[in-house]
Amino acid sequence: MPASAEKTEAGVPAIQVQGVDFYYGDKHVLKDVTLDVPNNEVVAFIGPSGCGKTTLLRCFNRMNDLVPGARVTKGQIIIEGANIADRSIDPVQLRRHVGMVFQKYNPFPRSIYDNVAYGPRTLGEKKKSALDEVVEKSLRRAALWDEVKDRLDDIATGLSGGQQQRLCIARTMAVDPEIILMDEPCSALDPIATGHVEDLILGLKEHYTIVIVTHNMQQATRVSDRTAFFYLGEMVEYDSTRKIFENPANKRTLDYISGRFG
Ligand SMILES: Nc1ncnc2c1ncn2[C@@H]1O[C@H](COP(=O)(O)OP(=O)(O)OP(=O)(O)O)[C@@H](O)[C@H]1O
């Protein structure tokens with residue numbers, strides 16, 4: 001995998017999902033899903049609870065490897081040109097390239113600085129000046145630097161919920177991923193904190209490819225370039241966000257976005 005998004009070949013999608021079937025034990029959760037996520041775009045996954053959005057997101061960095069009985073039985077996922085199921089792919093390295101931000105913000109009970117420096121330190125960076133630089137850069141990209149620069153040694157769990165979520169985004173960025181997966185990143189936040197995170201997402205696509213699972217359809221329209229609608233494990237429709245919300249091709253998409261079910 002290339003070291004940074006800038007080195008990615010132009011025109012090749014960041015993620016290619018090709019005919020994927022996925023099971024938890026006997027339960028068939030994803031059915032023949034095919035989609036491309038273009039570089040430096042924000043793609044939203046929407047659909048009623050249990051339709052498989054989070055499962056697909058977790059396939060992208062092989063988080064499902066950690067779930068007993070969970071497996072892809074058909075198809076493949078290509079990220080930055082490599083089949084991520086390939087023997088040569090180290091899942092730990094993959095998770096560095098494909099970072100994840102969770103629904104419930106989860107900073108370590110350590111200082112703000114240590115939270116952001118954690119990843120680079122784990123990768124072997126010991127130089128204080130290099131760590132200082134990555135901490136500042138990541139916090140700036142997460143639009144949090146001005147709020148915390150004078151209290152980097154304070155405990156992270158003392159920040160507001162919205163600040164903690166932006167800190168988790170900074171922590172993810174500190175190891176220089178190309179892709180950031182976000183699983184309902186605003187569901188625990190109030191509207192003001194949600195607005196900050198949405199503004200942040202819009203700014204981040206200059207540097208990253210982002211896939212976001214959201215139940216909030218206004219959020220999908222505000223932040224995403226493309227939207228995929230899932231229903232019972234099938235990807236029903238995938239198009240520009242504008243098309244999906246203004247003129248969907250499929251009746252099930254229309255019913256869902258107009259609140260008739262879900
Ligand atoms: N670890 C697991 N073991 C077994 N079944 C699971 C597991 N995780 C999820 N499932 C099941 O797989 C299906 C898809 O779940 P998933 O979390 O991907 O859906 P989702 O669309 O993200 O739902 P939500 O919007 O509620 O988060 C559901 O029926 C769920 O119960």
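In listed order, ligands and their atoms are each counted from 1.
Counting protein heavy atoms only, atom 19 (O) of ligand 1 is closest to Gly52 N, 3.2 Å. With hydrogens left out, the protein atom closest to atom 26 (O) of ligand 1 is Ser49 OG, 2.5 Å, a heavy atom. Remark: minimum distance from atom 29 (O) of ligand 1 to any protein heavy atom is reached at Lys27 NZ, 2.9 Å. At the top of the distance list for atom 10 (N) of ligand 1, counting protein heavy atoms only, stands Tyr24 CE1, 3.3 Å.
Checked by distance only, ligand 1 and Gly47 stay at 3.5 Å or farther apart across all their nitrogen or oxygen atoms. The shortest N/O to N/O separation between Cys51 and ligand 1 falls below 3.5 Å.
Numbered from 1 in the order shown, with element, the atoms of ligand 1 that lie under 4.0 Å from a heavy atom of Thr55 read 14 (C), 15 (O), 16 (P), 18 (O). Counting atoms of ligand 1 from 1 in the listed order, those under 4.0 Å from a heavy atom of Glu184 are 27 (O). Near Val29, meaning under 4.0 Å from any of its heavy atoms, are these atoms of ligand 1: 12 (O), 13 (C), 14 (C). Interface of Val67 with ligand 1, defined as ligand atoms under 4.0 Å from a residue heavy atom, comprises 1 (N).
Both the backbone and the side chain of Thr54 come within 4.0 Å of ligand 1, counting heavy atoms alone.
Between atom 20 (P) of ligand 1 and the options Pro48, Pro68, Gly50, the minimum heavy-atom separation is to Gly50.
Side-chain atoms of Arg95 and Asn61 include no donor-acceptor pair closer than 3.5 Å. Side-chain atoms of Tyr238 and Asp36 include no donor-acceptor pair closer than 3.5 Å. A donor atom on one side chain and an acceptor atom on the other are found under 3.5 Å apart for Arg141 and Tyr208. For the residue pair Asn106/Arg171, the side-chain donor-acceptor check at 3.5 Å is satisfied.
Using a 4.0 Å cut-off between charged nitrogen and carboxylate oxygen, Arg166 and Glu147 count as a salt-bridge pair.
Using a 4.5 Å heavy-atom cutoff, the side chains of His28 and Asp21 are in contact.
Taking all atoms of both residues into account, the shortest heavy-atom contact from Val33 to Val17 is O-CG1, 3.3 Å. Across every non-hydrogen atom of Ser224 and Thr241, the tightest pair is OG-OG1, 2.7 Å.
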